[in-house]
Amino acid sequence: MLEITFDESLVTGNDTIDTQHKELIDRIGNFVSACEKGEGKIKAIQMLDYLADYTEFHFNAEEKLQENVNYPALKEHQAKHEEFKGNLRELYEFFEEVEGPTDEFVKQVEINVVNWLFNHIKTFDRSVAEYIYMRENPSLI
């Protein structure tokens with residue numbers, strides 16, 4: 001069973017981003033758990049739909065925050081978000097080909113959602129939070 005939890009390694013230091021990440025990771029955990037338990041294709045699709053919707057909301061909020069602070073790597077960050085959205089589209093396509101959430105599907109979720117998101121948070125999102133912190137505390141430079 002894949003363990004998916006928000007922990008200290010994922011904290012960016014920005015309350016808005018961290019709160020949304022906690023929600024997103026909790027939903028991903030519920031989604032993977034439903035798939036692993038074989039709760040059925042309909043339930044898994046509903047959870048995948050929610051994940052896609054929440055991801056859209058979260059990415060829009062992150063990008064707006066970056067625009068507001070003139071984050072210099074905004075375009076690169078947006079490109080990474082588009083990459084993730086593409087990963088979700090691929091999961092939809094993969095899921096349409098199977099009767100229900102298979103072990104292979106769960107493995108694809110682990111690689112293209114869980115691992116991708118955790119790496120993104122630890123690198124790109126943390127970089128944004130650090131930029132904002134330094135911008136708000138110029139005396140530390």
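If you read the sequence from its start, that first residue is 1, and numbering goes on from there. For the numbers below, each heavy atom of this structure counts, side chains included, while hydrogens, waters and symmetry mates do not.
In terms of heavy-atom proximity, Thr55 sits nearest to Leu51 at OG1-O, 2.6 Å. Pairing each heavy atom of Asn14 with each of Ile17, the nearest pair is OD1-N, 3.0 Å.
Using a 3.5 Å distance cut-off with no hydrogens or angles, the side chains of Asp49 and Tyr54 do not pair a donor with an acceptor. Counted by atom type alone, Thr12 and Asp125 present zero donor-acceptor pairs between their side chains at under 3.5 Å.
Using a cutoff of 4.0 Å between basic side-chain nitrogens and carboxylate oxygens, Glu83 and Lys80 are scored as salt-bridged.
Asp26 contributes no side-chain N or O that, together with a main-chain N or O of Lys22, makes up a donor-acceptor pair within less than 3.5 Å. Under a 3.5 Å cut-off, the side chain of Thr19 and the backbone N or O of Asp15 do form a donor-acceptor pair. A donor-acceptor contact shorter than 3.5 Å is absent between the side chain of Ser127 and the backbone of Thr123. The backbone N or O of Tyr50 lies less than 3.5 Å from no partner atom in the side chain of Arg27, so there is not a single donor-acceptor pair. For the pair Asn137 (side chain) and Tyr133 (backbone), a donor-acceptor distance under 3.5 Å is present.
No single ILVMFWY cluster, assembled from side-chain heavy atoms under 4.5 Å apart, contains both Leu24 and Val128. Linking Ile, Leu, Val, Met, Phe, Trp and Tyr residues whenever their side-chain heavy atoms come within less than 4.5 Å places Ile121 and Phe31 in a single cluster. Note on Phe124: it does not cluster hydrophobically with Ile25, by side-chain heavy-atom contacts below 4.5 Å among ILVMFWY residues.
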Hey, mind stepping through Ile111 and Asn87 against side-chain contact (heavy atoms from CB on, under 4.5 Å) and telling me if it holds? CA-CA 10 Å; Ile111 293 167; Asn87 290 350; over 6 Å; no
As a quick check of understanding, evaluate side-chain contact (heavy atoms from CB on, under 4.5 Å) for Val106 and Thr102, giving each step before the final call. CA-CA 6 Å; Val106 172; Thr102 63; over 6 Å; no
All N/O donor-acceptor pairs, side-chain side in residues 3-11, below 3.5 Å, sequence neighbours left out:
residue	atom	partner	partner atom	Å
Asp7	OD1	Ser9	N	2.9
Asp7	OD1	Ser9	OG	2.5

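Rounding to the nearest 0.5 angstrom, the gap separating the CZ atom in Phe94 from the CG atom in Asn112 is 10.0 Å.
Proximity of the aromatic rings of His21 and His120 is defined here by a centroid distance below 6.0 angstrom, and this criterion is not met.
With Glu62 as the partner, the side-chain hydrogen bond (donor to acceptor under 3.5 Å, both in side chains) test is satisfied by one option alone out of Gln78, Gln20, His81: His81.
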